[in-house]
Number of protein chains: 2
Amino acid sequence: MSESAEKFGRITPVPAYQMVAEAIEREILSGRLRPGDPIGTEAELVRQFGVNRSTVREGIRLLEQGGMVHRDSSRRLAVGLPHYDRLATRASRALMLHQVSFRELWEATMALSLASIELAVERATPEEIAGLDANIAATEEAMDDPAAVAALDSEFHLLLEKTGRNRVLELAREPSNMLIYPTTNVAVRATEHGAQRLIEAHRMLVESLRRRDIEMARLWTRRHLTDWRKGFEKAGMDLDQPVDLVTGMA
Amino acid sequence: MSESAEKFGRITPVPAYQMVAEAIEREILSGRLRPGDPIGTEAELVRQFGVNRSTVREGIRLLEQGGMVHRDSSRRLAVGLPHYDRLATRASRALMLHQVSFRELWEATMALSLASIELAVERATPEEIAGLDANIAATEEAMDDPAAVAALDSEFHLLLEKTGRNRVLELAREPSNMLIYPTTNVAVRATEHGAQRLIEAHRMLVESLRRRDIEMARLWTRRHLTDWRKGFEKAGMDLDQPVDLVTGMA
DNA sequence: TAGGTCGGATTGTCCGACAATCATGGTCGC
DNA sequence: GCGACCATGATTGTCGGACAATCCGACCTA
């Protein structure tokens with residue numbers, strides 16, 4: 001759009017190891033290689049591509065980190081099915097590097113949580129509600145331990161997410177989750193009766209699933225996240241600071 | 001949670017090339033290496049890590065694909081700041097491999113678009129509105145060319161997204177965008193006056209930004225996406241089919 | 001100052017090698 | 001016959017060295 005007509009495009013020689021990676025990736029994306037299928041041995045790939053083993057290995061490493069290929073127990077290569085965690089990890093690290101603020105994180109989490117809870121209200125099964133109840137019970141047990149509460153809170157929202165049965169949304173939410181929940185610990189600790197309020201919110205959320213009451217679910221989602229935000233501010237932290245300062249991913 | 005206390009954890013020897021990658025990644029995430037900084041030459045890394053150059057190179061390749069490091073014009077290595085595109089590409093490929101359905105995609109897009117448009121309504125500047133207007137004008141010009149319309153539609157929503165000024169949401173939306181917009185082409189073609197309706201929706205969306213009318217924005221976002229869905233169905237496609245059948249990412 | 005030349009540095013690729021580990025098949029004991 | 005055990009080959013991870021292509025920077029020249 002913005003580029004005017006230039007005579008020649010940039011010339012970019014593609015290294016052989018990249019071509020190896022792309023060739024394998026194409027096979028996977030096209031469906032000719034399916035998750036779980038073994039990729040050949042290195043020697044075999046050397047033969048097929050006609051390049052040196054070092055080159056093949058570099059190409060494989062390119063794909064390895066993304067989860068497209070993975071080494072099974074015997075270190076043999078197989079096609080992998082990249083899981084959200086892995087992608088979310090990379091995404092949340094990228095967000096850190098971009099120095100996104102907690103405000104952005106909070107806004108996005110609010111929006112995504114509201115979307116997620118609506119689907120959950122529509123689709124929750126008794127089993128899923130029982131799972132959520134169990135989580136609440138465990139949280140009550142652990143009320144004195146903010147770290148445990150934060151972990152259980154994270155699990156609660158994960159369960160809630162699964163209840164929505166929408167993997168796209170799940171994937172979209174996970175980077176935010178990874179960045180936000182480490183601070184739940186702090187937020188809960190900072191608020192008077194923080195754990196108490198958290199548990200109540202969870203209870204009301206489950207109750208709204210039971211009643212299939214979307215408005216109630218939205219209300220308590222908002223309250224729950226507002227509480228988190230208040231705790232965050234009460235702990236003396238600034239919503240406009242970049243996220244990497246707090247989440248110590250050492 | 002589920003694991004009981006076992007005496008010994010699984011012993012997993014970590015290959016040297018992974019340790020190289022992790023060491024570099026740690027430096028980046030800790031902030032000691034910042035985006036743009038040069039990573040040493042391979043020879044230097046060989047010296048520092050005390051491993052062979054092949055090993056160093058394999059380690060570097062691990063990071064390269066994720067965008068953590070990238071080769072600048074002179075092929076020298078530098079710390080990169082992974083952009084959304086790259087992550088989104090990986091994410092959308094993963095969604096394809098997981099065979100998510102168009103229904104999931106549509107639901108997520110609906111939720112994310114509504115969230116996004118609300119922020120845009122709050123924050124739109126005259127310049128941004130002008131940019132959106134320009135896009136609409138271009139779309140009108142190209143009305144006879146469904147492919148061009150689809151591309152401009154994609155650009156329109158990208159602009160809208162930027163207007164929201166929330167990078168977390170931006171990142172969350174992009175995988176869905178990448179998967180959904182290739183089919184806009186088909187959807188527009190299938191509907192009577194498809195391009196016309198698309199342009200009208202865009203116009204009303206911009207108008208609601210101008211008026212800062214959130215309800216209006218939400219309404220037209222819903223209509224716009226419902227139109228897309230109708231076109232999709234009218235083209236004889238099934239919402240519950242996995243996304244990879246249509247998007248020919250050859 | 002613009003352009004050309006040259007040498008050193010760096011990357012991409014290749015070759016060959018070896019220890020450690022894994023898979024496999026055969027052997028042995030019961 | 002069946003399971004435990006072992007030898008052998010295959011495979012990976014790592015190493016050392018090598019060379020062409022390219023890039024950078026300094027130097028030179030018109």
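Letters go in sequence order (proteins before strands), and every chain restarts at 1.
Across all strands shown, A/R57 has heavy atoms under 4.0 Å from base atoms, whether or not it also approaches the sugar-phosphate.
Applying the ring-ring contact (aromatic ring centres under 6.0 Å, His included) test to every pair with at least one member in residues 151-181 of chain B, sequence neighbours left out, gives these pairs: B/F156-B/H202, B/H157-B/Y181, B/H157-B/H202, B/H157-B/H224. For residues 128-137 of chain A, the pairs satisfying salt bridge (Lys or Arg N to Asp or Glu O under 4.0 Å) are A/E128-A/R165, A/D133-A/R210, with sequence neighbours left out. Legend: salt bridge (Lys or Arg N to Asp or Glu O under 4.0 Å) pairs involving residues 42-54 of chain B, not counting sequence neighbours, sorted by first then second residue: B/E42-B/R53, B/E42-B/R57. For residues 68-88 of chain A, every residue pair satisfying the salt bridge (Lys or Arg N to Asp or Glu O under 4.0 Å) rule, not counting sequence neighbours, is listed here: A/E64-A/R71. Sorted by first and then second residue, the ring-ring contact (aromatic ring centres under 6.0 Å, His included) pairs with a member in residues 70-98 of chain A read A/Y84-B/H98, A/H98-B/Y84; sequence neighbours excluded.
The separation between B/E58 atom CD and D/dG13 atom P is 7 Å, rounded to whole Å.
Residues passing the side chain to side chain donor-acceptor pair (under 3.5 Å) test with A/Q65: none are found, sequence neighbours excluded. For A/T109, there are no side chain to side chain donor-acceptor pair (under 3.5 Å) partners two or more places apart in sequence or in a different chain. Residues satisfying the side chain to side chain donor-acceptor pair (under 3.5 Å) criterion with B/E170, sequence neighbours excluded, are B/K162. In this view, A/R103 and A/D240 satisfy the salt bridge (Lys or Arg N to Asp or Glu O under 4.0 Å) rule, not counting sequence neighbours.
When the nearest nucleotides of DNA chain C are assigned to B/R76 and A/G50 by heavy-atom distance, the more 5′-ward of the two goes with B/R76.
In this model, the phosphate group of D/dG13 is not approached by any side-chain N or O of B/T55 to a distance below 4.0 Å at OP1 or OP2.
Proximity of residues 32-48 of chain B to DNA chain C (heavy atom under 4.0 angstrom from any strand atom) is restricted to B/T41, B/E42.
Within the 4.5 Å cutoff, the side chain of B/L198 has no heavy atoms near those of the B/W228 side chain.
In 5' to 3' order, the nucleotides of DNA chain C bounding all contacts with chain B (an atom under 4.0 Å from a heavy atom) are C/dT10 to C/dT13.
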Which protein N or O atoms sit under 3.5 Å from an N or O of nucleotides 17-19 of chain D?
{"unit_1": "D/dA18", "atom_1": "N6", "unit_2": "B/R53", "atom_2": "NH2", "d": "3.1"}

